[in-house]
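All values below were derived from every heavy atom in this structure, side-chain atoms included, with hydrogens, water molecules and symmetry-related copies excluded. Computed from a predicted structure; not experimentally measured.
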Amino acid sequence: MQSITKRWLRGSLLISVLVLALAEGLFLSFCYQNLYGGVESAMLNRFSTLVGRLQATGTAGDTDATANSRGQALRRAVEQFDEKDKFEFMLLDSAGVVLTTSSGISNENLLDGTDYYRALTSSSGVGRTIFRTRDGERVMAVTELVPYSAGNVTAMRLVTSLALVDRRWWTTVWLSLGVVLAALGLMLWSGLFFIRSIVRPLSQVEAIAHRIADGDLQTRLPDARYNDEIGRLCRTINEMAEHLTETERMKNEFISSVSHELRTPLTSIKGWVETIGSLHDPGDPNYRKGLEVIGGETDRLYAMVEELLDFSRLQNGIKLNCQVLDLVAEATDAALFVEGRIRQEGLQLVYEEPPEPYPVWADPARLRQVFVNVLDNAIKYSPPGGSVFLTLGRTDTAVTVTVRDQGRGIPPEDLCQVKQKFFKGRNAVRGSGIGLAVVDAIVTALGGSTDIASTLGQGTTVSITLPVYHPGQEHLHEPI
Ligand code: ADP
């Protein structure tokens, strides 16, 4: 399984290790150049002083004499060499044989020869080598060919011990490696510490979220312990659990109220069927009354089944079958559909049909459901004698259907929740609380919006806005 720690180790830590290794490599190569290059250039400086002196030596015109006097000068320089404790100064002939040394003894140990041959082959006339003497001492030898003829002297050679420089080099190596390792250790420790501070609460969040997902909706995360992204994640998960609990409660309530409500009409239908069955005279007043009751109860059952269908649509997502519709015609149809009920409740429908069509891209059955649900609420919550206003308006881009009633209104604290599924306000008379949730889901799927404004005791206004259909824009209103 992937983990944040592994990802961190593989990603950022690996990059840090590579960067540190590169920095260490560059640092060490710089130090090496500085230390060993410094020794070499110290020797070359001495050679160039001597070469400068040689240039001034000699007699004009007599080249042999000049060469001899240069040879003499070099030998003198070797004898009088005052840094014998640091360097061994030698003169070599053309075969690379030592002619004289500053210590006076020809130390076989210091003869390696590589530097001399390198000097012979290099264009600068300088050759350098580092080797280990038979005593095990590391030394650096630098040979420079004498640029003038100087008798039998062909080259100058300086040899110096590297014991001190080596010691300094290894101290630098170990110190810098120590610093790099300490930095890496610190990085590893602080990184792991930081990651653990994320991973540990996250594992806890994961375990509790699992429990919630498994149906334990009472479990909550300690959201006050962390005041950061994790704390916010905990709060969000808690809110989600709260929401799930509430939905679960409302769903159970819905199922129980629907089952309960199904029983009453069924009992009534059953009773009347039995009564009618026992009647022998079709002219009996109970015969007609019974049929009326059965008809009425069947309507109630039908409405309840519609609600159940709405419920299942909400759960499974609203499916639309859209086409170009005239919103005015649809509104007029809906007005006619509810007219009977409006009159029955002692209300009055105020509707002025706009003269021109309002084209929209919508599903006729679902649009009818939107109208019926909103008008049904207006009728349900209006006192007898009141009016329900159905108004249509349009701009270039949108059409708005407004249903206004003069009913009891929605308490402000309920207003923001009325579009939630299963929500029933404290003013609710009957219903399962999914009417406006279905309206909102359909209108949203059609690319529109639902706005509800209400004043307690004065009435409620539900405004539904849909985009105007322009030919060739079907793709903009693609059904969801
Ligand atoms: P139902 O399907 O039970 O009618 P709705 O989702 O349509 O539920 O409405 C949710 C709640 O909003 C209702 O229980 C009621 O409290 C409130 N409500 C909706 N429309 C109106 C209205 N026109 N007047 C007053 N209250 C309303």
Can you establish whether the number of heavy atoms outside Arg196 located under 6.0 Å from its atom CZ is more than 12? no
Does the pair Glu356/Arg394 count as a salt bridge with the N-to-O cut at 4.0 Å? no
Residue pair Pro354 / Leu392: nearest heavy atoms and the distance that separates them: CG-CB, 3.8 Å
Would you indicate whether Asn227, at its atom CG, is surrounded by more than 12 heavy atoms from other residues, nucleotides or ligands within a distance under 6.0 Å? no
Asn377 versus Asn373: any side-chain heavy-atom pair under 4.5 Å? no
Is there a side-chain contact between Leu320 and Ile318 (heavy atoms, below 4.5 Å)? yes
With a 4.5 Å heavy-atom cut-off, do Leu309 and Glu306 have their side chains touching? yes
Decide whether Arg366 and Gln369 meet the rule of one side-chain donor and one side-chain acceptor closer than 3.5 Å. yes
Is there a side chain to side chain contact (heavy atoms under 4.5 Å, CB included) between Val468 and Asp396? Walk through the geometry before answering. CA-CA 7 Å; Val468 169; Asp396 276 351; over 6 Å; no
Below 4.5 Å, heavy atoms only, C-beta onward: do Thr461 and Val403 meet side chain to side chain? no
Distance-only donor-acceptor pairs under 3.5 Å for side chains of residues 42-54, two or more places apart:
from, atom 1, to, atom 2, distance (Å)
Arg46, NE, Glu83, OE1, 2.5
Arg46, NE, Glu83, OE2, 3.4
Arg46, NH1, Ala42, O, 2.8
Arg46, NH2, Glu83, OE1, 3.4
Arg46, NH2, Glu83, OE2, 2.7
Ser48, OG, Asn45, O, 3.0
Thr49, OG1, Asn45, O, 2.7

Would you say Thr391 and Thr402 are linked by a side-chain donor-acceptor pair, where the criterion is simply a distance under 3.5 Å? no
Residue pair Val199, Ser203: steps toward the side chain to side chain contact (heavy atoms under 4.5 Å, CB included) verdict: CA-CA 6 Å; Val199 168; Ser203 311; 3.9 Å; yes
Any side-chain hydrogen bond (donor to acceptor under 3.5 Å, both in side chains) pairs touching residues 154-166, not counting sequence neighbours? Tyr36-Asp166, Asp115-Arg157, Glu137-Ser161, Arg138-Asp166
Mark yes when over 12 heavy atoms from residues, nucleotides or ligands other than Arg168 sit less than 6.0 Å from its CZ; otherwise mark no. no
Counting only heavy atoms from other residues, nucleotides and ligands, does the tally under 6.0 Å from CG of Asp85 exceed 12? yes
For residues 178-193, which side-chain N or O atoms pair as donor and acceptor with protein atoms under 3.5 Å away, sequence neighbours left out?
from, atom 1, to, atom 2, distance (Å)
Ser190, OG, Leu186, O, 3.2
Ser190, OG, Met187, O, 3.3

Using a strict threshold of under 4.0 Å (side-chain N to carboxylate O), is an ion pair present between Glu79 and Arg76? no
Gln218 vs Thr245 side-chain heavy atoms within contact, under 4.5 Å: yes
